Participant: 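Handing you a structure now.
Below, read A as the first sequence line, B as the second, and so on, with proteins coming before strands; counting in each chain starts at 1. Because the structure is predicted, anything quoted here is derived from the model rather than measured.
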2 protein chains.
Amino acid sequence: MSAAEDVARDLLARTSGRITTARLTALSALLSLGRAATHTDLHRQAPDMDRVSLYRALDWLAEQGLASRITDADGVWRYEASVPGADHHHPHFQCSRCHQTTCIEIEGGLTVRLPAGFTQEKIEVLVKGLCRTCSLVSVPLGKTTKARRPA
Amino acid sequence: MSAAEDVARDLLARTSGRITTARLTALSALLSLGRAATHTDLHRQAPDMDRVSLYRALDWLAEQGLASRITDADGVWRYEASVPGADHHHPHFQCSRCHQTTCIEIEGGLTVRLPAGFTQEKIEVLVKGLCRTCSLVSVPLGKTTKARRPA
DNA sequence: CGTGAAGTGCAATCCAGTTGCATGAAACAC
DNA sequence: GTGTTTCATGCAACTGGATTGCACTTCACG
Ligand SMILES: [Mn+2]
Ligand SMILES: [Mn+2]
Ligand SMILES: [Zn+2]
Ligand SMILES: [Zn+2]
């Protein structure tokens with residue numbers, strides 16, 4: 001039983017819900033992975049768990065505040081472990097070449113001035129670009145970009 | 001021939017590409033609509049155009065800088081007309097009840113400090129919450145939220 | 001006009017995510 | 001412990017946005 005699994009069990013015990021293997025597996029995967037991962041990423045870590053059960057476990061974790069769910073640059077959900085109390089509103093960076101998502105530390109909350117009457121629930125900031133390793137290579141991976149010469 | 005269509009034709013003439021009806025229709029729809037719209041929204045405006053052709057026209061417009069493509073809170077693409085030169089990096093607001101997307105004006109570009117070696121291409125800021133009209137009603141539309149009582 | 005390059009339409013396919021329903025496992029009371 | 005209730009799981013089917021392959025049309029240019 002890994003360290004992540006112990007922590008997971010402990011966190012689950014603090015909720016009003018049941019401690020099931022699916023939730024344990026999902027949460028430990030999130031904890032050990034450490035960064036925002038897609039359902040597919042996570043399912044790779046736990047191939048024996050049913051796809052749908054994983055979705056449901058992750059969504060439940062998000063409801064409980066133990067995970068947060070964001071949309072990545074390709075419109076796919078990404079999940080990451082989060083601390084129940086403090087809401088997890090830091091920006092993320094996604095590399096357009098290797099698609100890895102990185103959390104960005106930030107001092108002082110990002111704020112945007114909304115028009116009158118609007119109420120804010122959450123804010124999602126996603127920076128796209130090249131990560132350190134991909135910056136060096138610079139040639140896009142997969143999906144070859146078709147050159148288009150100006151007139 | 002509407003005003004939007006005239007502007008559209010004019011903008012298309014500035015590119016190296018062909019001026020086709022699909023592109024004209026797509027761009028005028030974007031221009032007259034005025035806010036970030038989904039493919040489905042836009043197809044409603046031009047039901048006779050083929051779905052796929054609309055996708056391709058929109059993607060082409062995005063490549064040309066005449067439109068910008070963003071992911072909304074539900075992971076669906078949204079397109080909006082944009083000025084070719086100035087890149088279109090303002091925040092957006094999406095109402096969690098009526099799903100309408102609103103552009104948010106901002107003075108001074110949003111900036112985030114990236115880790116060393118990372119290169120930024122674009123930044124997407126999406127605020128979720130309730131728009132003015134929905135703030136008053138406050139009961140979510142569709143997708144009923146199930147209450148969950150703490151222990 | 002004729003020819004090549006670019007754009008279109010349609011059908012098929014992909015893929016993340018959801019839903020319905022029968023079965024199984026936690027929690028809790030006894 | 002056993003029984004009962006409640007909630008979670010597994011499987012299959014389904015949804016809907018988006019993409020791909022390919023034949024056909026249209027446009028620009030000689
Ligand atoms: Mn993060
Ligand atoms: Mn906008
Ligand atoms: Zn990278
Ligand atoms: Zn609204």
Participant: B:Val52 near the nucleic acid: base, sugar-phosphate alone, or nothing, with a heavy-atom cut-off under 4.0 Å?
Facilitator: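 Since a base atom lies under 4.0 Å of B:Val52, the category is base.
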
Participant: Taking for each residue the nucleotide of DNA chain C bearing the nearest heavy atom, is the 5' side occupied by A:Val76 or by B:Ala57?
Facilitator: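 Residue closer to the 5' terminus by nearest nucleotide: B:Ala57.
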
Participant: Round to a whole Å and report the spacing from CG of B:Leu54 to C1' of C:dG7.
Facilitator: 14 Å

Participant: When B:Gln64 is tested against each of B:Thr15, B:Asp59, B:Leu27 for side chain to side chain contact (heavy atoms under 4.5 Å, CB included), which residue passes?
Facilitator: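 Answer to the side chain to side chain contact (heavy atoms under 4.5 Å, CB included) test with B:Gln64 among B:Thr15, B:Asp59, B:Leu27: B:Thr15.
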
Participant: Round to a whole Å and report the spacing from CG of A:Asp50 to C1' of C:dA22.
Facilitator: 14 Å

Participant: Let me know the distance between CG of B:Asp41 and C1' of D:dG16, rounded to the nearest Å.
Facilitator: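 From B:Asp41 CG to D:dG16 C1': 14 Å.
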
Participant: Does OP1 or OP2 of C:dG17 have a side-chain N or O of A:Trp77 closer than 4.0 Å?
Facilitator: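 Looking at the OP1 and OP2 atoms of C:dG17, one of them is under 4.0 Å from a side-chain N or O of A:Trp77.
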
Participant: Whether the side chain of B:Arg56 and the base of C:dG9 hold a donor-acceptor pair under 3.5 Å is what I'd like checked.
Facilitator: yes

Participant: Any side-chain N or O of B:Arg18 less than 4.0 Å from the OP1 or OP2 oxygen of D:dT26?
Facilitator: no

Participant: Under 3.5 Å, which donor-acceptor pairs do the side chains of residues 43-55 of chain A form with other protein atoms, sequence neighbours left out?
Facilitator:
residue: A:His43; atom: NE2; partner: A:Met49; partner atom: O; Å: 2.8
residue: A:Asp50; atom: OD2; partner: A:Val52; partner atom: N; Å: 3.1
residue: A:Asp50; atom: OD2; partner: A:Ser53; partner atom: N; Å: 3.2

Participant: Between C:dA25 and A:Thr21, is there an OP1 or OP2 to side-chain N/O distance shorter than 4.0 Å?
Facilitator: no

Participant: Looking at C:dG7, D:dT19, C:dA16, which one has an atom nearest to any side-chain atom of B:Arg69?
Facilitator: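 Between C:dG7, D:dT19, C:dA16, the one nearest the side chain of B:Arg69 would be D:dT19.
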
Participant: Of the nucleotides D:dT9, C:dG17, D:dA18, which one has an atom closest to the side chain of B:Arg51?
Facilitator: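 My answer, after comparing the listed nucleotides, is D:dA18.
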
Participant: What is the distance, rounded to the nearest whole Å, between atom CZ of A:Arg23 and atom P of C:dA25?
Facilitator: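 About 15 Å, once rounded to whole Å.
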
Participant: Over how many whole Å does the gap from A:Gln64 atom CD to D:dC7 atom C1' extend?
Facilitator: 13 Å

Participant: As a test of reading the structure: which of D:dA18, C:dT18, C:dT8 is closest to the side chain of B:Tyr55, going by heavy atoms?
Facilitator: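 My answer, after comparing the listed nucleotides, is D:dA18.
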
Participant: Can you measure B:Met49 atom CE to D:dT26 atom C1' for me and round it to whole angstrom units?
Facilitator: 16 Å

Participant: Using the test side-chain contact (heavy atoms from CB on, under 4.5 Å), find all partners of A:Ala4 that sit at least two apart in sequence or belong to another chain.
Facilitator: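 So A:Ala4 forms a side-chain contact (heavy atoms from CB on, under 4.5 Å) with A:Ser2, A:Ser28, A:Leu31, A:Ser32.
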
Participant: What is the distance from CG of A:Asp59 to C1' of D:dC7, rounded to the nearest Å?
Facilitator: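 In whole Å, D:dC7 C1' lies 16 Å from A:Asp59 CG.
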
Participant: Counting just side-chain N and O atoms, does B:Thr20 come under 4.0 Å of either OP1 or OP2 of C:dG7?
Facilitator: no

Participant: Do B:Glu124 and B:Lys122 meet the salt-bridge criterion of a basic N to acidic O distance under 4.0 Å?
Facilitator: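 Yes, this pair counts.
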
Participant: Specify the residue among B:Ile19 and B:Thr40 whose closest nucleotide of DNA chain D lies further upstream toward the 5′ end.
Facilitator: B:Thr40

Participant: Is there a side-chain contact between B:Leu126 and B:Gln94, using heavy atoms and a 4.5 Å cut-off?
Facilitator: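 SC-SC contact between B:Leu126 and B:Gln94 confirmed.
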
Participant: Without decimals, in angstroms, what is the distance between A:Arg44 CZ and C:dA16 P?
Facilitator: 10 Å

Participant: Report yes if at least one side-chain N or O of B:Thr38 is closer than 4.0 Å to OP1 or OP2 of D:dG17; otherwise report no.
Facilitator: no

